[in-house]
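Taking it in order: structure first as structure tokens, then the write-up.
FYI, the numbering just counts along the sequence from 1.
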Amino acid sequence: CHPTKPDGRSSLISRIRGYLGPDATPRLVNRLDRETSGVVLVAKTAEVAGELGKLFAGRGVKKEYLAIVRGHVRVETGVIDAPLGKDEGSAVAIKDCVRPDGAPARTEFAVVRRITRAEGDFSLLRIKPLTGRKHQIRIHLAHAGHPIVGDKIYGPDERIYLDFVVGRMSEEQQRRLILPHHALHAAEIHFVWRDREWQFHAEPERWFLEFDGVE
């Protein structure tokens, strides 16, 4: 969602402007982490962006994600309730963590299915964030002992992310990640706006759907 190069094509919003035309003024209402796929809501006008932004700020929008995590999650459903704040001991500037003085954060999860592959055991989860903190789902799942597959920051070793951003990831680091991108997908958002219910859904990419050989 955020530009990485001044070429007019390295961010979602720049591509939307190119699609809508030079006079368009689209606004991103929500954003996704780098590598997270799925639904992003875009307003074509500032007025609509403001109205929808208030819905998000007031927690009037329900969101649902899919995640593939390491290990078999033993319980069928649960809620991770753990406050989040800056990880001051990390070399990664954008990394947060669970800490007692952090902001309240709650994540609901349910097991869709458990997976066994040559690399080990995994679980496909359906996730509903009950709050909207930075990296919340990724941090909470890692804190619970089930980091998201392919996560360069909250996965097996944060040094993988540090090497990734400077373009020097090794084949061994790529092997440890299993997937080239972290397996977190924003599948659905649902809200009521202007006296009407709105629901948007996006299917994950094929590599996500085929992780366990079942579509």
Side-chain angles (χ1 to χ4, degrees), residues 1-68 79-81 83-86 93-96 102-110 112 125-141 148 150-151 153-154 181-209:
C1 289
H2 301 282
T4 56
K5 300 175 184 177
D7 60 1
R9 289 182 59 81
S10 69
S11 70
L12 177 60
I13 194 65
S14 61
R15 290 187 178 227
I16 291 169
R17 288 193 188 104
Y19 175 76
L20 293 176
D23 297 328
T25 57
R27 309 285 182 91
L28 294 182
V29 181
N30 69 314
R31 290 169 171 78
L32 298 177
D33 295 344
R34 181 176 185 166
E35 297 189 3
T36 300
S37 58
V39 179
V40 175
L41 194 62
V42 181
K44 292 183 179 180
T45 67
E47 178 189 5
V48 171
E51 291 180 23
L52 295 177
K54 290 178 182 178
L55 276 180
F56 272 85
R59 298 182 186 175
V61 178
K62 295 180 180 179
K63 295 175 281 187
E64 189 171 286
Y65 290 73
L66 294 172
I68 301 171
V79 175
I80 302 169
D81 190 341
L84 303 179
K86 183 173 178 56
I94 61 172
K95 188 175 183 180
D96 283 359
R106 300 178 73 235
T107 302
E108 181 181 302
F109 68 89
V112 177
L125 304 180
R126 194 172 301 279
I127 307 288
K128 294 181 180 180
L130 305 180
T131 52
R133 308 302 177 192
K134 185 184 78 175
H135 298 170
Q136 175 179 313
I137 295 172
R138 297 163 64 189
I139 299 169
H140 272 174
L141 292 175
I148 294 173
D151 196 326
I153 299 179
Y154 302 101
H181 312 293
H182 64 232
L184 180 62
H185 177 74
E188 187 174 295
I189 60 174
H190 178 269
F191 55 91
V192 176
W193 174 62
R194 292 188 177 180
D195 300 320
R196 175 181 162 187
E197 287 195 13
W198 300 78
Q199 182 171 321
F200 298 95
H201 177 82
E203 285 293 318
E205 293 183 272
R206 183 162 290 275
W207 61 266
F208 191 110
L209 293 171

Measuring from atom [atom1] of [X] to atom [atom2] of [Y], what distance do you get when rounded to the nearest 0.5 angstrom?
X: Ser11; Y: Arg31; atom1: OG; atom2: CZ; result: 10.0 Å
X: His135; Y: Asp151; atom1: NE2; atom2: CG; result: 8.5 Å
X: Ile137; Y: Glu108; atom1: CD1; atom2: CD; result: 11.5 Å
X: Ile148; Y: Leu141; atom1: CD1; atom2: CG; result: 5.0 Å
X: Ile127; Y: Leu184; atom1: CD1; atom2: CG; result: 8.0 Å
X: His140; Y: Thr107; atom1: NE2; atom2: OG1; result: 4.5 Å

Salt bridge (Lys or Arg N to Asp or Glu O under 4.0 Å) partners of Glu47, counting only residues at least two apart = Arg194
remark   = By salt bridge (Lys or Arg N to Asp or Glu O under 4.0 Å), Glu203 pairs with (sequence neighbours left out) none
key: Test: Arg138 and Asp33 ion pair at under 4.0 Å   = yes
Closest heavy-atom contact between [X] and [Y]?
X: Leu84; Y: Lys134; answer: CD1-O, 4.4 Å
X: Lys86; Y: Ala93; answer: NZ-O, 2.9 Å
X: Val48; Y: Ala43; answer: CG1-CB, 3.8 Å
X: Gly150; Y: Glu35; answer: O-OE1, 4.3 Å
X: Ile13; Y: Pro26; answer: CD1-O, 3.6 Å
X: Leu55; Y: Val192; answer: CD1-O, 3.6 Å

key: Gln136 (side chain) donor-acceptor with Arg106 (main chain) under 3.5 angstrom   = yes
Donor-acceptor under 3.5 Å (Asn30 side chain, Leu41 main chain) = yes
Ring geometry between Phe191 and Trp198 (parallel below 30°, tilted from 30 to 60°, perpendicular above 60°) = parallel
request  = Starting from the C-alpha separation in whole Å, work towards a yes-or-no answer on side chain to side chain contact (heavy atoms under 4.5 Å, CB included) for Leu12 and Val40.
outcome  = CA-CA 9 Å; Leu12 177 60; Val40 175; 3.8 Å; yes
Just list the side-chain donor-acceptor pairs under 3.5 Å for residues 56-66, sequence neighbours left out, or say none.
unit_1: Glu64; atom_1: OE2; unit_2: Arg126; atom_2: NH1; d: 2.8

Side-chain touch [X]/[Y], heavy atoms, less than 4.5 angstrom:
X: Ile68; Y: Leu125; answer: no
X: Leu20; Y: Lys44; answer: yes
X: Pro22; Y: Arg17; answer: no

query = Can you tell me if His185 and Thr36 form a side-chain donor-acceptor pair at under 3.5 Å?
reply = no
